[in-house]
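Worksheet: one structure, shown below.
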Amino acid sequence: MTLLTKRFAQFTAVAFVAAAFALLGFAAAAPAQDAGSSDVANGKRVYLADGCFVCHGRAGQGGAMNYPAPAIAQVEMPVESFLAYLRNAPNDMPAYTTAVLSDKDATDIYAFLRSLSGRKPAKDFPLLNQ
Amino acid sequence: MSKHSNSPDAGRRNFLKGATLAGAAALATPVAANTQILDPSKESTKAAVPGPRLAAAETTPPSKDPISQTTSGGDFMVDVFKTLDIDYLAMNCASSFRGLHEAVLNHGGNSKPEILTCPHEEIAVHMAQGYAKIEGKPMAMICHGVVGLQHATMAMYNAWCDRVPVIVMGGNIIEANKRGTYPEWAHAAIDPAAIVRDFVKWDDQPTSLQHFAESTVRAYKIAMTPPMAPVMLSLDAELQENPISEAETLRIPKLSKVIPPQGDSAALAELAKMLVAADSPVIICDRMARTPAGMGRLVELAETLQCAVVDNGGRMNFPSRHPLNHSFRRIVIGQADVILALEVNDLFGSLNAFNDRIVRATRPNYKKDAKIVTLGSRDLYMKSNYQDFGRYQEADLTIAGDAEASLPTLIEQVKRLVDGGKKSAFEARGMKLAAAKLAMVERAKSDATIGWDASPITTARMCAEVYGQIKDEDWSLVGTSIRLSWPHRLWNIDKPYRWNGISGGFGVGHNLPASLGAALANKRHGRLTLAFGGDGDFMFVPSTLWTAAHHRIPMLYIVHNNRAYHQEYMYLQAMAARHGRGIANTEIGTTIKDPNVDYATVARGFGVYGEGPIVDPKDLGPALKRAIAMVKTGQPALVDVVCDPR
């Protein structure tokens with residue numbers, strides 16, 4: 001495989017994962033998988049220390065870099081998809097390899113995100129209905 | 001140098017006479033003179049008796065060196081500005097334009113133009129940029145032609161990228177022999193505009209008052225002809241300061257109305273056919289609405305076609321709550337079979353996704369067989385050095401012409417082609433788009449609830465709180481450091497002055513002064529001006545607040561204080577992740593903390609009302625209410641909101 005075709009293959013894989021993230025993370029199309037014995041407190045610590053909040057917000061509300069950074073509170077994709085996304089993220093999102101983020105820490109982040117309160121019905125917020 | 005500068009005084013003639021005498025003396029007595037200097041052993045026993053010339057110089061008043069004058073070139077320059085209806089002259093005072101400065105005050109009565117005192121030239125140009133986008137005409141600014149212009153350059157580049165007219169002037173002393181102290185040498189140049197020539201549309205250095213009049217009117221016309229851009233005039237100090245010698249022959253040329261170029265009518269007819277025949281046409285717009293008429297025209301075109309509009313936000317192009325506004329549903333671009341780009345600067349960026357990886361790659365977001373048409377004025381004037389034109393995007397039809405000016409013809413052509421069958425198909429398409437838009441808005445509201453009570457405050461909560469306070473006012477949002485997504489998804493942005501676009505060149509230090517310039521324009525219309533500004537941007541030009549207080553320009557400035565140069569923070573994280581090391585170190589050099597800046601206190605120091613830092617979202621509404629009450633009295637106010645990053 002040439003470097004170019006390898007890159008294209010990586011690119012396609014990233015695009016696929018991105019699409020999966022968009023569908024699963026945003027549209028809540030599939031049930032989430034709990035992270036078992038994960039450590040929510042450690043997940044929060046790593047989420048803040050490694051700067052995930054910089055793009056996605058401390059409450060996982062999302063944000064923006066050059067492209068929108070999605071809301072990830074109560075992330076709804078399976079943990080395996082979440083880890084795959086972290087390892088080979090598209091667009092602005094850095095790819096976090098195991099050299100900088102272990103599977104354990106990443107799984108703990110997942111657990112932390114699952115623990116966040118997430119979205120609420122907007123009709124209950126008068127300021128959002130002006 | 002021209003004859004005007006010293007006439008009618010005889011300084012130059014005296015100089016020539018003196019030069020002749022000195023030259024003759026030098027030829028006659030060189031050896032004796034050198035001997036006197038080089039022979040220190042020769043003592044003088046008594047003081048020399050003054051010769052007749054020295055005695056005369058000490059006892060005769062300098063009758064040929066006039067000490068006052070009744071006219072000045074600066075007066076004439078002010079008269080030229082008045083014919084152009086230039087309201088303001090933004091400046092930081094400098095000796096190289098002291099002649100014009102004085103003339104504005106005492107000949108012009110400090111009116112048309114009125115001086116705006118700015119603590120930095122970058123502030124002056126950015127004020128002009130923000131002003132022009134609301135008022136629809138340029139403001140003038142003047143600076144030292146060397147060191148002041150060096151300060152002004154980044155702001156001029158922002159205005160250039162933003163396609164905004166600004167009349168920039170710089171003082172200079174052209175004739176070397178007229179420069180006095182060393183600073184005048186350090187502040188003089190052969191070609192002052194050389195430093196900005198890559199990002200002004202035109203420049204000149206007039207050498208007579210008639211030349212000035214013609215060049216200033218020309219500069220105004222060029223700046224205002226789409227694609228609009230800054231222009232630069234270098235003004236000789238002597239031209240400003242010295243008496244007018246040719247008053248009887250001076251004439252200020254008439255400024256003719258600028259008619260923007262329309263696209264070719266045959267090409268517009270072809271475009272109309274493509275749009276009407278399309279199943280899913282999409283319009284992308286950026287710096288399209290030049291005047292208040294622009295938004296209405298685009299609404300008419302979109303409603304006639306019932307097609308989606310994606311607004312990149314360079315101007316107030318399309319109402320945020322319109323069912324056809326799909327700016328935050330860009331999936332429509334990927335579904336389009338015809339894409340019409342109106343005054344889009346970076347069309348490649350709008351149509352392609354970019355991966356910021358080791359190998360920087362892009363991929364198209366549009367269908368392979370989609371027809372792409374561009375309509376805009378950018379191709380009519382470009383320069384090559386700075387790369388603000390973006391990557392080349394292939395298109396099927398490129399129509400050179402001002403989009404807003406071309407829309408009436410295009411709309412007429414489209415309407416001619418829409419028969420009954422088409423109309424019902426278009427209505428069905430519009431209903432689907434309206435439903436999708438509604439779902440997007442509901443999703444945005446739902447997203448906004450995440451972290452609603454969090455501290456630091458979420459950007460969504462901040463925007464919701466602000467809108468709660470302004471929605472019943474005649475408001476105008478003129479700056480943002482938080483992108484467009486929250487205000488544009490949550491607010492009803494429905495009038496031409498509700499929004500005026502972004503910096504252009506993304507040069508930091510734009511938001512605060514440009515917002516103030518826009519606020520100045522809004523002041524006469526009685527609008528409530530507000531802006532969101534980043535803390536990093538604020539730190540470049542905090543003294544803008546002094547100008548706001550001094551000139552009593554009402555503006556609500558909300559500092560979105562995330563205590564970082566946030567975009568760079570994210571970029572550095574990407575680098576650290578790529579290199580597999582030190583992600584946790586990336587706040588070094590990117591954050592603005594230790595100490596945290598108290599922006600409300602800074603504001604008060606400049607004479608501006610300050611609220612904050614607000615860290616609890618429950619405190620934000622009342623703080624905004626108090627600040628808005630202050631703005632309504634005609635004063636600026638600042639609210640420092642400690643926020644989550646974006």
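Residue numbers begin at 1 in each chain, while the letters A, B, ... track the order of the sequences.
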Using every non-hydrogen atom in the two residues, find where [X] and [Y] come nearest and quote the distance to one decimal.
X      : Y     : result
B:M570 : A:A64 : CE-O, 3.3 Å
B:G451 : A:A59 : CA-CB, 3.5 Å
B:A574 : A:P94 : CA-CG, 3.6 Å

Inset, instruction - Evaluate the side chain to side chain contact (heavy atoms under 4.5 Å, CB included) criterion for residues B:R443 and A:R119: first the C-alpha distance (whole Å), next the side-chain angles of each, then the deciding distance (0.1 Å), finally the verdict. - result: CA-CA 10 Å; B:R443 182 72 183 184; A:R119 297 177 182 83; 3.0 Å; yes
Under 4.5 Å heavy-atom distance to chain B, tell me which part of [X] shows up: side chain, backbone, both or neither.
X     : value
A:A73 : side chain
A:F53 : both
A:N66 : both

For [X], is it the side chain, the backbone, both or neither that has a heavy atom under 4.5 Å from a heavy atom of chain A?
X      : value
B:T458 : both
B:F328 : neither
B:R489 : neither

Inset, instruction - Could you walk me through whether B:D472 and A:Q130 pass side chain to side chain contact (heavy atoms under 4.5 Å, CB included), step by step? - result: CA-CA 10 Å; B:D472 297 324; A:Q130 306 177 87; over 6 Å; no
Inset, instruction - For each of B:P456, B:S446, B:A576, tally heavy-atom pairs with chain A at distances under 4.5 Å, and name the one with the top tally. - result: B:S446
Inset, instruction - Heavy atoms only, distances under 4.5 angstrom: which of B:E465, B:H566, B:E442 has the most pairs with chain A? Name it, please. - result: B:H566
Legend entry - Full working for side chain to side chain donor-acceptor pair (under 3.5 Å) between A:D50 and B:Q573: CA-CA 8 Å; A:D50 279 6; B:Q573 277 192 316; over 6 Å; no
Legend entry - Option that, when pairs with chain B are counted at under 4.5 Å, heavy atom only, ranks first among A:G51, A:A99, A:G63: A:G51
Inset, instruction - Name the member of A:V46, A:D92, A:V100 that forms the most heavy-atom pairs with chain B at distances under 4.5 Å. - result: A:V100
Legend entry - Validation row: B:P645, A:R58 side chains within 4.5 angstrom (heavy atoms): yes
Inset, instruction - For residues B:W452 and A:D124, determine if any side-chain heavy atom of one lies less than 4.5 Å from a side-chain heavy atom of the other. - result: no
If you count heavy atoms of other groups shown closer than 6.0 angstrom to [atom1] of [X], is the number above 12?
X      : atom1 : result
A:L48  : CG    : yes
B:K471 : NZ    : yes
B:K367 : NZ    : yes
A:K104 : NZ    : yes
A:K44  : NZ    : no

Legend entry - Qualifying salt bridge (Lys or Arg N to Asp or Glu O under 4.0 Å) pairs with a residue from residues 451-460 of chain B, counting only residues at least two apart or across chains: B:D453-B:R461
Inset, instruction - Find the distance between SG (B:C463) and CG (A:L127) and round it off to the nearest 0.5 Å. - result: 11.5 Å
Inset, instruction - Going by the side chain to side chain contact (heavy atoms under 4.5 Å, CB included) test, name the single residue among B:T449, B:I450, B:D447 that passes it with A:Q61. - result: B:I450
